[in-house]
*Asks:* 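Structure below; questions to follow.
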Amino acid sequence: MIIEPKTRGFICLTAHPEGCKSNVLSQINYIKDHPTTNGPKRVLVIGASTGFGLASRITSAYGSNASTIGVYFEKPPSEGRPASPGYYNSAAFEDQAHKDGLYAKSINGDAFSNEIKAQTIKLIKEDLGKIDLLVYSLASPVRQHPVTGEKFKSTLKPIGQTFTNKTVDFHTGEVKDITIEPCTEEEIKNTVAVMGGEDWEFWIDALKEQDVLAEDFKTVAYSYIGPSLTKAVYRDGTIGRAKDHLEATAFKIKDQLKDIKGEAYVSVNKALVTQASSAIPVIPLYISLLYKVMKEEGIHEGCIEQIERLFNQRLYADNMPLDSEGRIRVDDWEMREDIQAKVADLWKIATTETLPEIGDLKGYAKDFFYLFGFDVEGIDYDKDVNEMVSIPGLQ
Ligand code: NAI
Ligand code: NA
């Protein structure tokens with residue numbers, strides 16, 4: 001079929017298999033040029049199909065020849081209806097990995113459930129024995145609790161005060177004010193239940209109980225802090241409470257891993273266009289200004305550059321620099337004082353009229369369509385493609 005982008009609000013309903021494949025291959029090529037010294041060999045990635053999780057899988061496989069198991073939640077294709085992009089990404093990754101002689105298998109299902117955890121652990125036992133790295137990179141709007149069955153929904157709201165600031169609709173380029181009313185206590189609790197650290201800890205509990213964690217095992221989950229501009233709605237808002245919880249969980253897990261000399265970290269990553277971040281109000285305007293400034297300074301990075309730096313200069317480096325809260329920081333370039341000062345100045349003058357000049361709205365929109373395999377160089381979008389792609393290592 002001919003596949004074109006079909007957008008609704010901040011989501012795109014279609015994805016292009018050839019475009020997704022090309023994106024995956026570029027990330028693979030980047031890592032082939034930047035191998036990890038003393039990298040991991042047996043890796044489990046939760047949230048492995050897009051964004052930072054996919055980049056982590058690629059960095060493991062191609063940076064240090066790791067065997068990888070990916071867990072994700074993606075929609076398969078049906079006749080005349082393309083799959084979700086993470087499905088096509090995983091198909092492309094596993095196909096290439098197998099051609100290159102790398103072990104790569106995956107499980108498509110709800111990582112929050114006990115069933116998917118059990119299925120994953122069975123696969124580890126059968127094929128890998130143990131794992132030496134778990135990357136936890138889930139981003140989900142909902143979670144069903146595996147014990148109580150309760151369903152939680154996360155929200156993106158300020159706490160205790162109304163938030164008003166600028167935002168941009170990157171499809172139209174219109175800059176306008178957005179007002180978000182404060183959340184309820186219940187919404188804080190629910191957001192922490194979805195995006196906090198409980199499920200990460202459940203994974204570690206299950207893996208440890210089944211004795212599939214190798215000596216010197218490491219685990220890392222991803223967090224975000226961001227600028228003062230988004231503080232009230234992000235880090236001081238409902239999602240920030242979930243990130244606080246995730247960060248506190250790292251210390252809890254570290255304690256649980258003492259007997260195997262294991263380590264647990266949260267890495268604070270840079271703001272990037274992913275399916276998760278395009279849904280957050282205010283962030284798209286911030287990102288389009290940030291991209292402009294960071295590109296001008298020659299320090300812009302995408303997911304793959306971020307994760308390569310995380311592995312080579314933090315997780316598997318001789319010395320791992322941590323911040324005062326014990327976190328890994330690869331948002332260090334984003335948070336540089338000069339970068340933030342420039343973005344704050346541009347923010348003040350950002351309007352529908354000025355943004356095309358002062359911001360990188362084009363870069364934002366391009367990255368957004370890129371997530372779905374569109375707007376990728378070298379792809380002929382008028383050509384018929386087979387939407388019924390399958391994932392070779394899917395269990
Ligand atoms: P993403 O939307 O690209 O990836 C989410 C992944 O989770 C996908 O692989 C998806 O299939 C999987 N997933 C979602 N629900 C699932 C479920 N129930 N079961 C199994 N898999 C499921 O998101 P992104 O941006 O890569 O986010 C990953 C982490 O990085 C999140 O914790 C996010 O907060 C964090 N982060 C994101 C930043 C950004 O700007 N995008 C910045 C810093 C941190
Ligand atoms: Na991810």
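As the structure lists them, so they are numbered: ligands from 1, and atoms in each ligand from 1.
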*Asks:* Looking at Gly109, which atoms of ligand 1 are within less than 4.0 Å of one of its heavy atoms?
*Replies:*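 By the 4.0 Å cutoff, the relevant atoms are 19 (N), 20 (C).
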*Asks:* Report yes if some N/O of Phe112 lies less than 3.5 Å from some N/O of ligand 1; otherwise report no.
*Replies:*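 So ligand 1 has no N or O lying under 3.5 Å from an N or O of Phe112.
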*Asks:* Ser84: heavy atom below 4.0 Å from ligand 1, yes or no?
*Replies:*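 Distance cut 4.0 Å: Ser84 fails for ligand 1.
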*Asks:* What atoms of ligand 1 come closer than 4.0 angstrom to any heavy atom of Ala271?
*Replies:*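 So the atoms of ligand 1 that pass are 40 (O).
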*Asks:* Could you establish whether Lys243 and ligand 1 come within less than 4.0 Å of each other, counting only heavy atoms on the residue side?
*Replies:*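 In this structure, Lys243 qualifies as a contact of ligand 1 - some heavy atom is under 4.0 Å.
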*Asks:* Measure the CG-OH distance between Leu128 and Tyr103 for me, rounded to the nearest 0.5 Å.
*Replies:*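 Output value for this atom pair is 4.5 Å.
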*Asks:* Please determine if Thr274 has a nitrogen or oxygen closer than 3.5 Å to a nitrogen or oxygen of ligand 1.
*Replies:*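 Looking only at distances, the answer is yes, because the N/O contact criterion of under 3.5 Å is met.
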*Asks:* Check ligand 1 against Ser277 and write out every atom of the ligand that is under 4.0 Å from a heavy-atom position of the residue.
*Replies:*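 Atoms satisfying the 4.0 Å criterion: 40 (O), 41 (N).
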*Asks:* Which ligand 1 atoms are under 4.0 Å away from a heavy-atom of Ser49?
*Replies:*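 Near Ser49, meaning under 4.0 Å from one of its heavy atoms, ligand 1 has 8 (C), 9 (O), 10 (C), 11 (O).
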*Asks:* Specify the closest pair of heavy atoms between Glu247 and Arg235, including all atoms of both residues, with the distance to one decimal.
*Replies:*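 Result for this residue pair: OE2-NH1, 2.9 Å.
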*Asks:* Select one of side chain, backbone, both or neither to describe which atoms of Ser223 lie under 4.0 Å from any atom of ligand 1, heavy atoms only.
*Replies:*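 It is the backbone that gets close, since no side chain atom is under 4.0 Å.
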*Asks:* Hey, which atoms in ligand 1 end up nearer than 4.0 Å to a heavy atom of Gly51?
*Replies:*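 Numbered from 1, ligand 1 contributes 3 (O), 26 (O).
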*Asks:* Between the side chains of Lys117 and Asp199, is the shortest nitrogen-to-carboxylate-oxygen separation below 4.0 Å, so that they form an ion pair?
*Replies:*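 Lys117 and Asp199: salt-bridged.
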*Asks:* Which of parallel (below 30°), tilted (30 to 60°) and perpendicular (above 60°) describes Tyr381 and Phe374?
*Replies:*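 Ring orientation, 0 to 90° scale: tilted.
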*Asks:* Below 4.0 angstrom, N of the basic side chain to O of the carboxylate: do Lys261 and Glu215 qualify?
*Replies:*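 Between Glu215 and Lys261 there is a salt bridge, with a charged N closer than 4.0 Å to a carboxylate O.
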*Asks:* Classify the contact between Ala48 and ligand 1 as side chain, backbone, both or neither, using a heavy-atom distance cut-off of under 4.0 Å.
*Replies:*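 For Ala48, the contact with ligand 1 is made by the backbone alone.
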*Asks:* Is Asp332 paired with Lys270 through a side-chain N to carboxylate O contact shorter than 4.0 Å?
*Replies:*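 The answer is no: the pair does not qualify as a salt bridge.
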*Asks:* Which residue from Gly70, Ser137, Pro85 reaches closest to atom 28 (C) of ligand 1 through any of its heavy atoms?
*Replies:*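 It is Ser137 that holds the nearest heavy atom.
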*Asks:* Below 30° counts as parallel, above 60° as perpendicular, anything between as tilted: where do the rings of Tyr234 and Tyr224 land?
*Replies:*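 Taking Tyr224 first and then Tyr234, their aromatic rings stand perpendicular (interplane angle over 60°).
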*Asks:* Ignoring angles and geometry beyond distance, decide whether Glu74 reaches within less than 3.5 Å of ligand 1 through its nitrogen or oxygen atoms.
*Replies:*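 Yes, there is a polar N/O contact under 3.5 Å.
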*Asks:* When you measure from the centre of the six-membered ring of Tyr316, is the NZ or CZ of Lys218 under 6.0 Å away and within 45° of the axis?
*Replies:*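 Geometry flag: set, cation within 6.0 Å and 45°.
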*Asks:* Salt bridge check, Arg241 against Glu187: does any charged N sit closer than 4.0 Å to a carboxylate O?
*Replies:*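 No.
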*Asks:* Can you find an N or O of Asp110 that's nearer than 3.5 Å to an N or O of ligand 1?
*Replies:*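 It does: an N or O of Asp110 is found under 3.5 Å from an N or O of ligand 1.
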*Asks:* Mark up the atoms of ligand 1 that fall under 4.0 Å of a heavy atom belonging to Leu138, in ascending order.
*Replies:*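 That gives atoms 7 (O), 12 (C), 13 (N), 16 (C), 20 (C), 21 (N), 22 (C), 31 (C), 32 (O) of ligand 1.
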*Asks:* Closer than 4.0 Å to some heavy atom of Ser140 - which atoms of ligand 1 meet that?
*Replies:*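 Close to Ser140: 15 (N).
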*Asks:* Flag the pair Lys342 and Glu296 as a salt bridge only when some basic side-chain nitrogen lies within less than 4.0 angstrom of an acidic carboxylate oxygen.
*Replies:*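 So Lys342 does not pair with Glu296 through a salt bridge.
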*Asks:* Using distance alone, determine whether Asn269 and ligand 1 share an N or O pair under 3.5 Å.
*Replies:*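 The answer is no, given that Asn269 and ligand 1 share no N or O pair closer than 3.5 Å.
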*Asks:* State whether Arg314 and Glu263 are salt-bridged, where the test is any N-O pair (Lys NZ or Arg NE/NH1/NH2 against Asp/Glu carboxylate O) under 4.0 Å.
*Replies:*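 Salt bridge flag = no for Glu263 with Arg314.
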*Asks:* Looking only at atom types and distance, does a side-chain atom of Ser154 sit under 3.5 Å from a main-chain N or O of Thr191, one as donor and one as acceptor?
*Replies:*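 Side chain of Ser154 to backbone of Thr191: no pair is present.
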*Asks:* Can you tell which of Gly53, Ser90, Ala139, Gly47 gets a heavy atom nearest to atom 14 (C) of ligand 1?
*Replies:*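 Result: the heavy atom closest to atom 14 (C) of ligand 1 is in Ala139.
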*Asks:* Consider every N or O of Leu272 and every N or O of ligand 1, then say whether any pair is closer than 3.5 Å.
*Replies:*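 Yes: some nitrogen or oxygen of Leu272 is under 3.5 Å from one in ligand 1.
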